[in-house]
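We count residues from 1, following the sequence as given. Below, all heavy atoms of this structure are taken into account, side chains as well, without hydrogens, waters or symmetry copies.
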Amino acid sequence: MHILFLCVANSARSQMAEGIARSLGHDATSAGTHPASQVSANALKVLESRDINTDGLFPKQVNDIDWQSFDMIISMGCGVSCPMIRIDQDWALEDPYGQTLDTFEACAKIIEENIRNLN
């Protein structure tokens, strides 16, 4: 499945979702409405602890993505409002940014469960 994960900063939840989805065999990317300058260090640590390759992960601007080419577009639950972009699912995940590594790990666990349950 070709999946786009949307968020505001594209630095934590959506980056973890991109990495986890790819590790599960999906063609995935992520983007944000107001991308941060870098991926959260804790997001990278969580992915690396799961032996997920983090090479090539970086915050991307949603306006630079061909969103119409995706099978599914998922909002991480950060109030992303893109009037031109359809949102197929909103996962309503709390933003772990600035929180502990344990909080990032708990978020990644939910993300993985949600990805495994996609149709």
Side-chain angles (χ1 to χ4, degrees):
M1 186 179 306
H2 192 50
I3 309 169
L4 173 61
F5 296 99
L6 287 180
C7 209
V8 174
N10 188 219
S11 66
R13 294 167 289 184
S14 53
Q15 291 289 339
M16 291 191 296
E18 177 180 346
I20 293 168
R22 286 182 177 182
S23 76
L24 295 173
H26 295 286
D27 178 15
T29 195
S30 62
T33 56
H34 298 87
S37 60
Q38 61 188 18
V39 177
S40 164
N42 278 347
L44 294 174
K45 286 178 188 174
V46 166
L47 293 174
E48 290 165 354
S49 74
R50 293 166 167 251
D51 294 323
I52 295 173
N53 186 345
T54 60
D55 291 346
L57 291 181
F58 65 96
K60 296 165 281 300
Q61 170 59 247
V62 70
N63 293 337
D64 297 336
I65 303 289
D66 177 16
W67 60 269
Q68 294 177 336
S69 69
F70 289 86
D71 300 318
M72 183 167 288
I73 301 173
I74 300 169
S75 167
M76 301 279 75
C78 39
V80 170
S81 178
C82 304
M84 298 297 292
I85 298 176
R86 76 175 195 281
I87 304 292
D88 298 305
Q89 293 186 15
D90 184 336
W91 287 355
L93 299 172
E94 292 293 324
D95 189 355
Y97 183 79
Q99 302 296 317
T100 66
L101 188 58
D102 287 342
T103 302
F104 274 79
E105 289 174 355
C107 185
K109 182 179 178 184
I110 294 167
I111 289 169
E112 182 175 346
E113 289 172 5
N114 287 349
I115 292 169
R116 289 185 183 278
N117 289 325
L118 288 175
N119 295 328

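- When side chains are defined from C-beta on, W91 counts as touching I74, because their heavy atoms get closer than 4.5 Å.
- Side-chain heavy atoms closer than 4.5 Å link hydrophobic residues (I, L, V, M, F, W, Y) into clusters, and following such links, possibly through other members, connects I52 to V39.
- Few gaps surround CD on Q61; more than 12 heavy atoms of other groups in view lie less than 6.0 Å from it.
- Of all heavy-atom pairs spanning I115 and A17, the tightest one is CD1-O, 3.7 Å.
- When all heavy atoms of L93 and C107 are compared, the pair lying nearest together is CD1-SG, 4.3 Å.
- Scored by the side-chain hydrogen bond (donor to acceptor under 3.5 Å, both in side chains) test, S37 finds no partners at all (sequence neighbours excluded).
- Counting all heavy atoms, side chain and backbone alike, A36 lies closest to P59 at O-CB, 3.2 Å.
- In the hydrophobic clustering of ILVMFWY residues, with side-chain heavy atoms under 4.5 Å counting as a link, F58 and L4 come out apart.
- A side-chain contact (heavy atoms from CB on, under 4.5 Å) with Q89 holds for exactly one of L118, I73, I3; it is L118.
- Among K60, R13, M16, the one residue that satisfies the side-chain contact (heavy atoms from CB on, under 4.5 Å) test with S30 is K60.
- F5 and L44 fall within a single hydrophobic cluster, where Ile, Leu, Val, Met, Phe, Trp and Tyr side chains are chained together by heavy-atom contacts under 4.5 Å.
- Residues K109 and R50 are in side-chain contact: their nearest non-hydrogen atoms beyond the backbone lie under 4.5 Å apart.
- Rounding to the nearest 0.5 Å places CZ of R22 at 7.0 Å from CG of D27.
- Heavy atoms of other residues, nucleotides or ligands lying less than 6.0 angstrom from CZ of F70 number more than 12.
- Closest heavy-atom contact between G32 and N10: N-CB, 3.5 Å.
- Between L47 and I20 there is a side-chain heavy-atom pair separated by less than 4.5 Å.
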#### Entry: Evaluation steps, side chain to side chain contact (heavy atoms under 4.5 Å, CB included), between L24 and E112
CA-CA 9 Å; L24 295 173; E112 182 175 346; 4.3 Å; yes
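- When all heavy atoms of T103 and P96 are compared, the closest pair comes out as CG2-CB, 4.0 Å.
- Here the side chain of Q99 pairs no donor or acceptor atom with the backbone of F104 at under 3.5 angstrom.
- The line from SG of C7 to CG of D95 is 6.0 Å long, rounded to the nearest 0.5 Å.
- D71 places a side-chain N or O within donor-acceptor distance of the main-chain N or O of H2, the cut-off being under 3.5 Å.
- In this structure, the separation between CG on D66 and OG1 on T29 is 11.5 Å, given to the nearest 0.5 Å.
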field: Audit row: E48, T54, side-chain hydrogen bond (donor to acceptor under 3.5 Å, both in side chains) steps and yes/no
entry: CA-CA 7 Å; E48 290 165 354; T54 60; 3.2 Å; yes
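- The shortest heavy-atom contact between S75 and I87 is CB-CG2, 3.8 Å.
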